[in-house]
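Side-chain atoms are counted along with the backbone in the values below, which use heavy atoms only and exclude waters and symmetry mates. All values derive from a computational prediction rather than experimental measurement. Every chain is numbered from 1 and lettered A, B, ... according to where its sequence line falls, protein lines coming before strand lines.
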Amino acid sequence: MIIREIQDFSLSRIADSGQCFRMNRLDSGAYSIIAFGKYLEAKPLGDGRFAFSCTEEDFDKIWTDYFDLSSDYRVLNTLVPPDDTFLLAAINYGRGMRILNQDSWEVMVSFIISQRKSIPAIKTAIETMCVHFGTQMVFEGKTYFSFPSAGHIAGLSCSDIGCCSLGYRDKYVTAAAQSVARGDIRFEDLMEADEAAAKAALKTLYGIGEKVANCILLFGLHKSNAFPEDTWIKRIVDAEYAGNFPKTLYDGHLGIIQQYIFYYARSREYQKCRST
DNA sequence: TGCCAGGCTTCAC
DNA sequence: GTGAAGCATGGC
């Protein structure tokens, strides 16, 4: 167990932001996170202090990068025009949000599954997949399952993964697994490639279109300027920006801007604003 | 019980 | 190139 003081860091907002699906609030007030085959519990202690159930070494080697703790998110405030009250409210509402640096393969599968599914349903499907096909592990007496590898999933049929409630997406998941296992898609190459080239490569995969490709770029490949446009974002862009969001103002930061908008758009706070 | 969900592919035209 | 239809299933 280690204690760290971290500014602009909200576990609850990250957990509810729809970018990760294996981070859950526990009765203790801590959050469990399963990533890169590791299990972590993180608990807010107040005054910007947090407890993490890991060693100093793991925190520095794994979790600092995972939570994107080296980035300063306050710079965004200087970019927003004062008359954009919607975005200012969204950023204020989502303060402490961060873009996690997750495992590329896990992000790819998670967002293939996400299409036309609610966030609770996505979490259920992913957890079921991990229980059936991941590796069982134990941390301080708690059993958890790692995310299954591409090689493992590539060897399964659609009927094999039928237990995971993937619906018509089962064939997309197996096809993606086979592409990754064969080496047709190499994440390390995509990280090096520019955003447009990486997106084009992702969209060659069966079941990956514009939106899912953008999610993989942003959440799985560290492309901070990717801007996934789902039904929520389109709704907001239509309602608040007359169908045309000023992307050029936020060059290099579109990913986190999109995330603030998504988080705020789904909130009761914004729904209440809209109804009055 | 019915509607909707962090969309994509297929098929007309 | 564009737009509509069809898609599986869970959660509220």
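No donor-acceptor pair closer than 3.5 Å links the side chain of A:Arg13 to the backbone N or O of A:Gly94. Panel note: side chain A:His132, backbone A:Cys164; no donor-acceptor pair is recorded below 3.5 Å.
Ring geometry, A:Phe9 versus A:Phe52: the interplanar angle falls from 30° to 60°, so the pair is classed tilted.
For residues 105-124 of chain A, the pairs satisfying side-chain hydrogen bond (donor to acceptor under 3.5 Å, both in side chains) are A:Asn24-A:Lys123, with sequence neighbours left out. Residue pairs meeting the ring pair (Phe, Tyr, Trp, His ring centres under 6.0 Å) criterion with at least one member in residues 193-222 of chain A, sequence neighbours excluded: A:Phe111-A:Phe219, A:Tyr172-A:Tyr206. The list of side-chain hydrogen bond (donor to acceptor under 3.5 Å, both in side chains) pairs with a residue in residues 237-252 of chain A, not counting sequence neighbours, reads A:Asp84-A:Tyr241, A:Asn225-A:Asp251, A:Glu229-A:Lys247, A:Glu240-A:Tyr270. Residue pairs meeting the side-chain hydrogen bond (donor to acceptor under 3.5 Å, both in side chains) criterion with at least one partner in residues 28-41 of chain A, sequence neighbours excluded, are A:Lys38-A:Asp58, A:Tyr39-A:Glu41, A:Glu41-A:Lys142.
Using a 4.0 Å heavy-atom cutoff across all strands shown, A:Phe21 reaches no nucleic acid atom at all. Residue A:Leu218 is classed as having no contact, given no heavy-atom separation below 4.0 Å to the nucleic acid. Using a 4.0 Å heavy-atom distance criterion, A:Gly18 is classed as a base contact. Across all strands, A:Ile112 comes closer than 4.0 Å to no nucleic acid atom at all (heavy-atom distances).
Note: the hydrophobic cluster containing A:Trp63 does not contain A:Leu45 (ILVMFWY, side chain heavy atoms under 4.5 Å, direct or indirect links). By the rule that hydrophobic residues join a cluster once side-chain heavy atoms approach within less than 4.5 Å of another member, A:Leu217 and A:Phe227 end up as members of one cluster.
A 4.0 Å heavy-atom criterion places the boundary nucleotides of DNA chain B facing chain A at B:dA5 to B:dT9, written 5' to 3'.
For the segment residues 168-187 of chain A, residues with any heavy atom less than 4.0 angstrom from an atom of DNA chain B are, sorted by number, A:Tyr168, A:Tyr172. DNA chain C lies under 4.0 Å from at least one heavy atom of each of the following residues of residues 113-130 of chain A: A:Arg116, A:Pro120, A:Ala121, A:Thr124. Interface residues of residues 91-107 of chain A facing DNA chain C, ordered by number: none; criterion, heavy-atom separation under 4.0 Å. For DNA chain C, none of the residues of residues 254-264 of chain A falls under the heavy-atom distance limit of 4.0 Å.
For A:Phe36, the side chain to side chain contact (heavy atoms under 4.5 Å, CB included) partners two or more places apart in sequence, or in a different chain, are A:Ile62, A:Tyr66, A:Asp103. In this structure A:Glu140 satisfies the salt bridge (Lys or Arg N to Asp or Glu O under 4.0 Å) test with no other residue, sequence neighbours excluded.
For the P atoms, the distance from B:dC11 to C:dA8 is 14 Å, rounded to whole Å. Comparing C:dG10 with B:dT1, their C1' atoms are spaced 14 Å from each other, to the whole Å. B:dG6 and C:dA4 have their P atoms separated by 23 Å, given to the nearest Å.
Residues A:Leu100 and A:Phe67 form a side-chain contact, since some pair of their non-hydrogen atoms from C-beta on lies under 4.5 Å apart. Taking the side chain as every heavy atom from C-beta outward, A:Thr128 and A:Ser165 never approach each other to under 4.5 Å.
Between the C1' atom of C:dG3 and the CD atom of A:Glu210 lies a distance of 17 Å, rounded to the nearest Å.
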Please list every donor-acceptor pair under 3.5 Å in which a side-chain atom of residues 256-265 of chain A meets a protein atom from a residue at least two apart or in another chain.
{"residue": "A:Gln258", "atom": "NE2", "partner": "A:Gly255", "partner atom": "O", "Å": "3.3"}
{"residue": "A:Gln259", "atom": "NE2", "partner": "A:Ser17", "partner atom": "O", "Å": "2.6"}

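Checked for salt-bridge contact, A:Arg49 and A:Asp47 miss the test: no charged N lies under 4.0 Å from a carboxylate O.
Distance check: A:Ile99 CD1 to A:His253 NE2 gives 12.5 Å after rounding to the nearest 0.5 Å.
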